[in-house]
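Letters A, B, ... are given to chains in the order of the sequence lines, protein chains preceding strands, and every chain is numbered from 1.
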There are 2 protein chains.
Amino acid sequence: MSGAAPGVDLSRFESSLGFLLRLSQQKIFARFFATLGPLDLTPGAFTILLALRDNPGLRQGVLANALMIKRANMAKIVRALVDRGLVSRHVPEDDRRAIELNLTPEGAAFVAAREGAFFAHDDESSPELTDNERETLLGLLRKLAGTQGETP
Amino acid sequence: MSGAAPGVDLSRFESSLGFLLRLSQQKIFARFFATLGPLDLTPGAFTILLALRDNPGLRQGVLANALMIKRANMAKIVRALVDRGLVSRHVPEDDRRAIELNLTPEGAAFVAAREGAFFAHDDESSPELTDNERETLLGLLRKLAGTQGETP
DNA sequence: TATTGTTATACTCTATAACTATA
DNA sequence: TATAGTTATAGAGTATAACAATA
């Protein structure tokens, strides 16, 4: 933490995964909003749209589980996306409790228009690291984050 | 993301630092609350107490800067800690705008009683990784997170 | 004028519990 | 009974703007 606020001893936290994850995420998110803030999308909502583009007809609960978002919260986000005309719902015949989600044509256009900027930003969001270090970090985070869904 | 929800294609996010950081932090925090929830401390508040133990008399704004917490939010957190009797304020002679923070004896006892459990938990919070991988991850996050304070 | 801290406010994210409708 | 989704609500966390006191 040598580059931190001078004169403040944070050495006790240098081995704390939780502390370093919070600081790192905050830094990345701050850059995200500074660069992509005017694009009319939050990281969370865009993640959902992108996941639906790659998984058309995905059920709401399965999506919530994959992204580690509680179903109660997913319901609210999806409602907002439906209200904006970006996502459509469909109740399948074989299980009328479930809801299948799809991008509307507007949603697909919305994603297509922004994903370039989104991923370009993401690629450039860690100038502190070399390309090799970035790849190593991504690999370790993938291993750490491997999801197993909601714990009720 | 092979261990994720089966049948959901999240490959588009496997190179997104922001996405993986969010998932990782969420996992680590969930474990934190599951294990240490009854200990009467949130990660944020405990971080502040620990930082004050290692940096007695630290000024509020400097602390906020070091921990990447906005001053407006730090004011609220500090007030709560003062109300709980864990932190004391002192206005220095040479700059009567500033506030120096210290742990009270109660605050010091509070930290001493909990830091063992806190760091023990942190050490065990990433069973997905080998010791070597964990060290590598910590090093990369340190490099990425090297703070530079609030951007006004 | 600039800085330190405070208040007020709002928005996002997260979590739980109680509800409905279907199975 | 159990599951899928919804609603209501509450709590952190974070952001900005306006303000008072001090420098």
Side-chain angles (χ1 to χ4, degrees), chain A residues 5 18-19 21-23 25-34 37 40-48 58-83 87 89-101 149-152, chain B residues 5 18-19 21-23 25-34 36-37 40-48 58-65 67-83 87 89-101 149-152:
Chain A
F19 179 77
L21 280 174
R22 171 185 157 269
L23 243 56
Q25 196 197 14
Q26 208 161 329
K27 190 169 227 176
I28 297 296
F29 267 56
R31 284 180 190 153
F32 179 92
F33 284 113
D40 216 22
L41 81 168
T42 64
F46 195 65
T47 302
I48 291 175
L58 198 59
R59 295 193 178 188
Q60 194 166 314
V62 177
L63 177 61
N65 226 279
L67 299 180
M68 285 184 69
I69 296 174
K70 289 270 186 293
R71 284 175 326 179
N73 299 321
M74 181 61 83
K76 197 166 61 168
I77 303 175
V78 166
R79 183 172 30 137
L81 291 174
V82 170
D83 287 349
V87 168
R89 304 186 225 227
H90 173 249
V91 175
E93 286 303 318
D94 60 314
D95 187 346
R96 311 240 325 277
R97 296 170 304 180
I99 294 188
E100 294 174 352
L101 300 176
E150 194 168 343
T151 24
Chain B
F19 178 77
L21 281 172
R22 170 183 159 270
L23 242 54
Q25 197 197 14
Q26 207 160 330
K27 190 168 225 177
I28 297 296
F29 268 54
R31 283 178 190 156
F32 179 93
F33 284 113
L36 302 179
D40 216 21
L41 82 167
T42 65
F46 195 66
T47 301
I48 290 174
L58 198 60
R59 296 191 179 188
Q60 194 166 315
V62 176
L63 177 61
N65 227 278
L67 299 181
M68 285 185 68
I69 295 174
K70 290 270 187 292
R71 285 174 322 170
N73 299 321
M74 181 60 83
K76 198 167 61 167
I77 301 175
V78 166
R79 184 170 31 135
L81 292 174
V82 169
D83 287 349
V87 167
R89 306 186 225 226
H90 174 249
V91 175
E93 287 300 319
D94 60 313
D95 186 346
R96 312 242 322 279
R97 295 171 304 182
I99 293 188
E100 294 174 354
L101 299 176
E150 194 167 344
T151 22

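- To the nearest angstrom, P of D/dG13 lies 21 Å from CD1 of A/Ile28.
- When the P atom of D/dT14 is taken as reference, atom NZ of A/Lys27 falls 15 Å away, rounded to whole Å.
- The distance from atom CG of A/Leu63 to atom P of D/dA4 is 14 Å, rounded to the nearest whole Å.
- The minimum heavy-atom distance between A/Arg59 and A/Ala98, with the atom names listed, is NH1-CB, 3.6 Å.
- The CE-P distance, from A/Met74 to D/dA4, rounds to 14 Å in whole Å.
- Taking the side-chain contact (heavy atoms from CB on, under 4.5 Å) definition, one finds that B/Arg89 meets it with B/Val78, B/Arg79, B/Val82, B/Ile99, B/Leu101, sequence neighbours left out.
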Nucleotides 9-14 of chain C: which of its N/O atoms have a protein N/O under 3.5 Å away?
residue	atom	partner	partner atom	Å
C/dT14	OP1	B/Gln26	OE1	3.0

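- Taking each heavy atom of A/Phe29 and A/Pro43 in turn, the nearest pair found is CE2-CG, 3.9 Å.
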| task | Would you mind building the protein contact string for nucleotides 17-23 of chain C? One character per nucleotide, 5' to 3', B for base within reach (heavy atoms under 4.0 Å), S for sugar-phosphate only, - for untouched. | result | B----BS
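- Residues passing the side-chain contact (heavy atoms from CB on, under 4.5 Å) test with B/Ala45, sequence neighbours excluded: B/Thr42, B/Leu81.
- Partners of A/Gln26 according to the side-chain contact (heavy atoms from CB on, under 4.5 Å) rule, which considers only residues two or more places apart in sequence or in another chain, are A/Arg22, B/Met68.
- Atom NE2 of B/His90 and atom C1' of C/dT4 are 16 Å apart (whole Å).
- When the C1' atom of D/dG5 is taken as reference, atom CZ of A/Arg59 falls 12 Å away, rounded to whole Å.
- Heavy-atom minimum distance, A/Arg71 versus A/Gly61: CG-CA, 4.4 Å.
- For B/Phe32, the ring pair (Phe, Tyr, Trp, His ring centres under 6.0 Å) partners two or more places apart in sequence, or in a different chain, are B/Phe118, B/His121.
- To the nearest 0.5 Å, atoms CG (B/Asn73) and CG (B/Leu67) are separated by 12.5 Å.
- The interatomic distance linking A/Ile99 (CD1) with D/dT3 (P) rounds to 18 Å, in whole Å.
- B/Arg89 has its CZ atom 13 Å from the C1' atom of C/dT4, to the nearest Å.
- Nearest to the side-chain atoms of A/Gln60 among the listed nucleotides D/dT7, D/dT6, C/dT4 stands D/dT6.
- Residue A/Gln25 places no side-chain N or O under 4.0 Å from the OP1 or OP2 atom of D/dG13.
- Heavy atoms only, all atoms of each residue included: A/Pro92 and A/Glu100 are closest at CB-OE2, 3.5 Å.
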